[in-house]
Amino acid sequence: MSQISLTFPDGNARDYPAGITAAEVAESIAPSLAKRAISASLDGKHIDLAWPITSSGTIAINTMKDEAPALELIRHDFAHIMARAVQKLWPDTKVTIGPVRDFGWFYDFDRAEPFTPEDLGAIEAEMKWIIAARDPVRTEVWDRDRAIAYYEDQNEPFKLELIDRIPEGEDLRMYWHGDWQDLCRGPHLQNTGQLPADAFKLTHLAGAYWLGDATRPMLQRIYGVAFRNRDDLKAHLTMLEEAAKRDHRKLGREMDLFHMQEEAPGQIFWHPNGWNIYVALQDYMRRRQRAGGYVEVNTPQVVSRKLWEESGHWENYQDHMFIVEVDEEHAKTKTVNALKPMNCPCHVQIFNVGLKSYRDLPLRMAEFGSCNRYEPSGALHGIMRVRGFTQDDAHIFCTENQIEAETKRFIEFLSAIYRDLGFDSFRVKFATRPEHRAGSDETWDKAESALLSATRAAGIEPEINPGEGAFYGPKLEFVLTDAIGRDWQCGTHQVDFVLPERLDASYIGEDGAKHRPVMLHRATLGSFERFIGILIENFAGKLPLWLAPRQVVVASIVSDADDYVHEIVAQLQAKGIRAEADTRNEKINYKVREHSVAKVPVILAIGMKEVETRTVSMRRLDNQGSQNLSLEEVTNQLASEATPPDLR
RNA sequence: GCCGGUUUAGCUCAGCAGGUAGAGCAGCUGAUUUGUAAUCAGAAGGUCGCGGGUUCGAUUCCUGCAACCGGCACCA
């Protein structure tokens with residue numbers, strides 16, 4: 001048998017016969033290591049201790065101390081033993097797939113009877129028995145026919161379909177946890193007793209389409225989380241509890257920002273407090289856009305179906321548009337309109353009025369555009385995914401060779417704004433051509449390569465999001481996460497060669513001939529609604545002073561201080577600060593607590609001492625203790641702090 | 001839209017197996033003038049999400065719908 005050479009993390013290399021397993025390699029180093037070994041990394045690839053190694057490379061033996069491989073194995077083995085437990089309890093259940101994910105795993109099952117939340121306890125108990133049994137894990141490579149025959153015999157149709165999707169010639173690897181078997185890439189641990197019985201929890205049930213395809217059957221998914229030890233699990237559960245306190249829906253109620261109700265699902269009733277945030281943010285964006293070379297426009301809400309047919313949106317999104325039909329008494333035909341679901345076709349209408357010259361380009365046309373989309377009921381989520389929203393939208397009409405500079409310019413524009421709003425880092429995804437699209441392949445080639453190279457020119461290497469582009473062009477997605485780690489697309493930047501063609505936009509070039517402009521669709525915040533939701537969660541409601549809905553409460557300690565309280569409020573308001581008086585007949589402790597719970601950043605407590613010395617006692621949110629300052633000082637300090645970042 | 005769950009006072013939640021509902025906080029009234037995260041007392045507050053059915057009787061059981069929550073699918 002031929003020899004291979006394996007290099008260890010310390011740089012030493014040793015020769016072994018080809019086909020040796022990682023377990024044997026560990027044994028050759030030290031029996032104690034072999035005992036603790038759980039898997040190995042071969043040239044960076046995570047491999048099972050039981051797999052034969054056939055070629056030279058660098059190898060590291062993993063133990064439970066190596067967090068990443070340990071967690072991957074633990075979670076993956078948990079997925080298997082959960083499936084085993086489920087089939088033990090309900091033998092008619094069909095298994096499908098069960099990948100590792102986030103802090104745990106999920107496994108999708110097909111079963112006529114739905115699982116109930118109570119079932120989770122029974123499954124957990126069964127899993128603990130499997131762990132206690134310390135059943136060995138073993139693995140074999142099977143040929144396709146044998147695997148197919150096996151699953152036909154077991155009546156596991158989903159596994160058969162999976163095999164069908166594995167390319168010919170690729171190994172089919174089988175794993176057994178005790179006598180329970182699954183088709184699986186591996187790697188895995190060596191026995192079920194290695195799993196920490198006190199460090200896992202089945203968290204929730206959900207429906208999920210087979211293969212993520214809405215035309216395929218809906219399966220039942222069970223999610224679990226697992227860690228290396230009980231403390232890590234507890235820390236994770238505590239983290240989730242803390243995150244739930246930052247939920248914008250909860251804070252929206254507690255801070256009296258907005259509400260939603262059954263009569264207008266997916267639409268927001270902004271209360272005075274919430275609207276303060278909205279307006280502060282919009283004022284800021286308006287100034288930023290002016291400084292950034294945009295012109296602002298405004299376009300109609302109710303627009304004839306004709307325009308949406310021309311743009312292609314009718315064909316693609318009709319079912320998701322609010323249709324407005326008007327029966328005019330004397331009209332022969334009923335007119336069909338749609339509430340504007342997006343602004344681009346309207347902006348092209350403005351562009352198309354009069355002749356445009358190459359000298360007008362790039363023309364950056366911005367609108368705080370109110371849009372309405374009939375989103376599927378299941379998609380709605382607080383103020384993050386709604387049916388009525390306002391985009392900070394703009395379309396840049398430019399030439400092909402301006403794409404790169406404009407893209408770079410926008411990325412810088414967005415980065416500066418995100419930094420001001422507390423997001424120093426964010427994810428950027430590059431979404432490529434979808435299956436269902438407008439425009440030729442050549443156009444798409446051009447648009448994708450222009451956008452990608454411009455992004456790289458701005459110093460960003462985006463994650464690729466294949467097939468997720470808009471129907472008219474590829475897009476960059478700027479993604480932020482909410483309190484519990486869900487991703488939300490906020491900013492976007494899209495290259496579009498299709499709409500200018502469809503809506504016949506043109507400009508006169510240097511050569512005196514008509515040319516098609518390119519359209520760049522871009523939004524910085526995305527929508528005010530979603531972005532405010534993200535802001536609330538990221539700051540846990542404690543927004544920076546310039547965005548805080550209620551900035552200062554001036555609270556009296558005794559009613560003899562009321563006059564001075566009102567004087568302070570007036571002086572702060574004169575400086576543009578959102579200040580209010582609290583002269584209710586309550587103890588100062590009560591007032592401090594109430595306004596702290598409401599996340600008011602600054603409380604000024606006023607008693608007779610302050611009245612006599614013309615000072616104020618300033619208390620910051622989450623800061624016990626207070627500071628005694630002159631009225632002048634406090635006014636100036638707060639006024640400067642409440643100045644939006646772009647005006648400082 | 002799909003799967004599962006939930007819906008009781010302004011908010012957070014009780015309400016065992018069908019006999020027209022309770023608490024805390026908030027709000028209201030009164031007392032209290034108070035020094036940095038809840039002062040005391042009193043009165044009041046609900047067509048139990050909406051519609052249909054079963055029943056002598058439904059908040060409770062069945063059913064349809066709606067909204068919301070967790071996922072999936074969707075996201076111009």
Side-chain angles (χ1 to χ4, degrees), chain A residues 106 108 114-117 119 203-223 247 249-250 253-254 256 259-266 308 311-317 319-321 340-345 371 373-382 384-386 391 431 434 438 468-473 475 477 484 486 488-489 492 494 496 499 521 526 530 555-562 583-598 603-610 617-628:
Chain A
F106 63 76
D108 289 347
F115 294 113
T116 67
D119 291 338
T203 53
H204 55 287
L205 290 164
Y209 295 108
W210 169 233
L211 301 174
D213 182 343
T215 66
R216 306 299 306 271
M218 176 147 282
L219 307 171
Q220 297 186 60
R221 177 171 295 182
I222 303 177
Y223 286 91
D247 190 309
R249 294 165 295 193
K250 183 175 158 71
R253 198 168 42 242
E254 290 172 357
D256 195 15
H259 86 273
M260 304 176 88
Q261 65 186 50
E262 203 168 329
E263 289 77 4
W308 308 114
S311 70
H313 290 95
W314 188 265
E315 184 198 336
N316 284 290
Y317 293 107
D319 291 347
H320 299 285
M321 287 161 87
K340 175 172 72 172
M342 35 112 63
N343 308 298
C344 21
C371 297
R373 296 179 184 172
Y374 188 73
E375 300 285 17
S377 56
L380 302 180
H381 182 94
M384 306 271 220
R385 184 80 184 272
V386 287
Q391 297 177 319
E468 294 296 317
F471 76 86
Y472 50 73
K475 59 178 186 177
E477 302 173 332
I484 69 161
R486 285 180 283 227
W488 295 93
Q489 180 198 305
T492 184
Q494 310 165 8
D496 179 5
L499 266 190
H521 305 239
R530 176 175 296 181
S556 60
I557 296 169
V558 292
S559 53
D560 282 345
D562 288 1
T583 54
R584 290 174 305 167
N585 176 11
E586 293 289 352
K587 294 173 78 169
I588 191 65
N589 300 41
Y590 181 86
K591 295 183 183 181
V592 165
R593 175 181 154 77
E594 194 182 84
H595 301 306
S596 299
V597 167
I603 298 172
L604 305 180
I606 308 299
M608 287 321 287
K609 210 164 66 190
E610 285 75 21
S617 165
M618 178 163 73
R619 179 193 168 104
R620 300 279 188 161
L621 184 56
D622 283 343
N623 239 324
Q624 297 191 330
S626 58
Q627 222 187 340
N628 204 261

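The basis for the numbers below is simple: all heavy atoms, side chains too, and nothing from hydrogens, waters or symmetry mates.
- Atom C1' of B:C62 sits at a distance of 13 Å from the matching atom of B:G18, rounded to the whole Å.
- Pairing for B:C2 is with B:G71, a Watson-Crick or G-U wobble pair whose two hydrogen-bonding atom distances lie under 3.5 Å.
- Comparing B:C48 with B:A21, their C1' atoms are spaced 8 Å from each other, to the whole Å.
- For A:K475, a side-chain nitrogen or oxygen approaches OP1 or OP2 of B:A76 to under 4.0 Å.
- Nucleotide B:A31 holds its P atom 18 Å from the NZ atom of A:K587, rounded to whole Å.
- Between the CG atom of A:L211 and the C1' atom of B:C2 there is a distance of 16 Å, given to the nearest Å.
- Residue contacts shown for A:K591 are absent, as no nucleic acid heavy atom lies under 4.0 Å away.
- When the C1' atom is used for both B:G4 and B:A76, the distance is 30 Å, rounded to whole Å.
- Note on A:N589: only backbone sugar-phosphate atoms sit closer than 4.0 angstrom, heavy atoms only; bases stay farther off.
- With B:C75, B:A37, B:G70 as the choices, the nucleotide that has an atom nearest any side-chain atom of A:R249 turns out to be B:G70.
- Within the nucleic acid shown, A:R221 comes within 4.0 Å of sugar-phosphate atoms alone, with no base atom in reach, counting heavy atoms only.
- A:T492 and A:Q494 form a side-chain donor-acceptor contact under 3.5 Å, judged by distance and modelled atom types alone.
- One N or O donor and one acceptor, one from the side chain of A:E610 and one from the base of B:G35, sit under 3.5 Å apart.
- Between the C1' atoms of B:U33 and B:C50, the separation comes to 50 Å (whole Å).
- The CD1-P distance, from A:I222 to B:G5, rounds to 14 Å in whole Å.
- Nucleic acid contact for A:A206: base, since at least one base atom lies under 4.0 Å from a heavy atom of the residue.
- Taking only distance into account, the side chain of A:R385 meets the base of B:C75 through a donor-acceptor pair shorter than 3.5 Å.
- If you check B:G71, B:C74, B:A38 against the side chain of A:Y590, the one that comes closest is B:A38.
- Distance alone, capped at 3.5 Å, places no donor-acceptor pair between the A:E594 side chain and the A:K591 backbone.
- Residue A:R373 has no polar side-chain atom (N or O) positioned under 4.0 Å from OP1 or OP2 of B:C74.
- Using N1 to N3 plus N6-O4 or O6-N4 for Watson-Crick, or N1-O2 and O6-N3 for G-U wobble, each under 3.5 Å, B:C28 pairs with B:G42.
- Using a 4.0 Å cut-off, no side-chain N or O of A:R216 falls inside it from OP1 or OP2 of B:C72.
- Using N1 to N3 plus N6-O4 or O6-N4 for Watson-Crick, or N1-O2 and O6-N3 for G-U wobble, each under 3.5 Å, B:A9 pairs with nothing.
- Using a 4.0 Å heavy-atom criterion, one finds that A:G382 contacts the sugar-phosphate atoms exclusively.
- Summarising the geometry, the separation between CH2 on A:W210 and P on B:C3 is reported as 19 Å, rounded to the nearest angstrom.
- Across the strands present, B:G57 finds no partner; the criterion is a Watson-Crick or G-U wobble pair with both atom distances under 3.5 angstrom.
- Set against B:C72, B:A76, B:U36, the side chain of A:M218 has B:C72 as its closest nucleotide.
- Residue contacts for A:D108: at a heavy-atom cut-off of 4.0 Å it reaches no nucleic acid atom on any strand shown.
- A:R249 has no carboxylate O lying under 4.0 Å from a charged side-chain N of A:E254, or vice versa, which leaves the two without a salt bridge.
- Residue-level contact check: A:A379 touches the bases, meaning some heavy atom is under 4.0 Å from a base atom.
- Nucleic acid contact for A:F115: none, since no nucleic acid atom lies under 4.0 Å from a heavy atom of the residue.
- Listed pair A:R593 / B:C25 fails the phosphate criterion, with no side-chain N or O lying under 4.0 Å from OP1 or OP2.
- Nucleotides B:C25 and B:A58, compared at atom C1', are 31 Å apart to the nearest Å.
- When ring centroids are compared, A:Y374 and A:H320 stay outside the 6.0 Å threshold.
- Residue A:H381 places at least one side-chain N or O closer than 4.0 Å to OP1 or OP2 of B:G70.
- Nucleotides B:G35 and B:A9, compared at atom P, are 37 Å apart to the nearest Å.
- No side-chain donor-acceptor contact under 3.5 Å links A:S556 to the backbone of A:S559.
- OP1 or OP2 of B:G1 lies within a sub-4.0 Å distance of a side-chain N or O belonging to A:S377.
- The distance from atom CD1 of A:I588 to atom P of B:U33 is 16 Å, rounded to the nearest whole Å.
- With a 3.5 Å ceiling on both atom-pair distances, the Watson-Crick or G-U wobble partner of B:C65 is B:G49.
- Counting any heavy atom pair closer than 4.0 Å across all strands shown, A:P376 reaches a base atom.
- Within the 4.0 angstrom heavy-atom criterion, no nucleotide atom of any strand lies near A:G312.
- A:R373 places a side-chain N or O within donor-acceptor distance of the main-chain N or O of A:P341, the cut-off being under 3.5 Å.
- Straight-line distance between the P atoms of B:A41 and B:C68: roughly 41 Å, to the nearest whole Å.
- Around the CD atom of A:Q261, the shell of radius 6.0 Å holds more than 12 heavy atoms that belong to other residues, nucleotides or ligands.
- Closest to the side chain of A:Y209, from the set B:U39, B:G1, B:A67, is B:G1.
- Atom C1' of nucleotide B:C75 and atom CD of A:Q391 are separated by 11 Å, given to the nearest angstrom.
- The cationic atom of A:R216 (NZ for Lys, CZ for Arg) does not lie both less than 6.0 Å from the six-membered ring centre of A:Y209 and within 45° of the ring axis.
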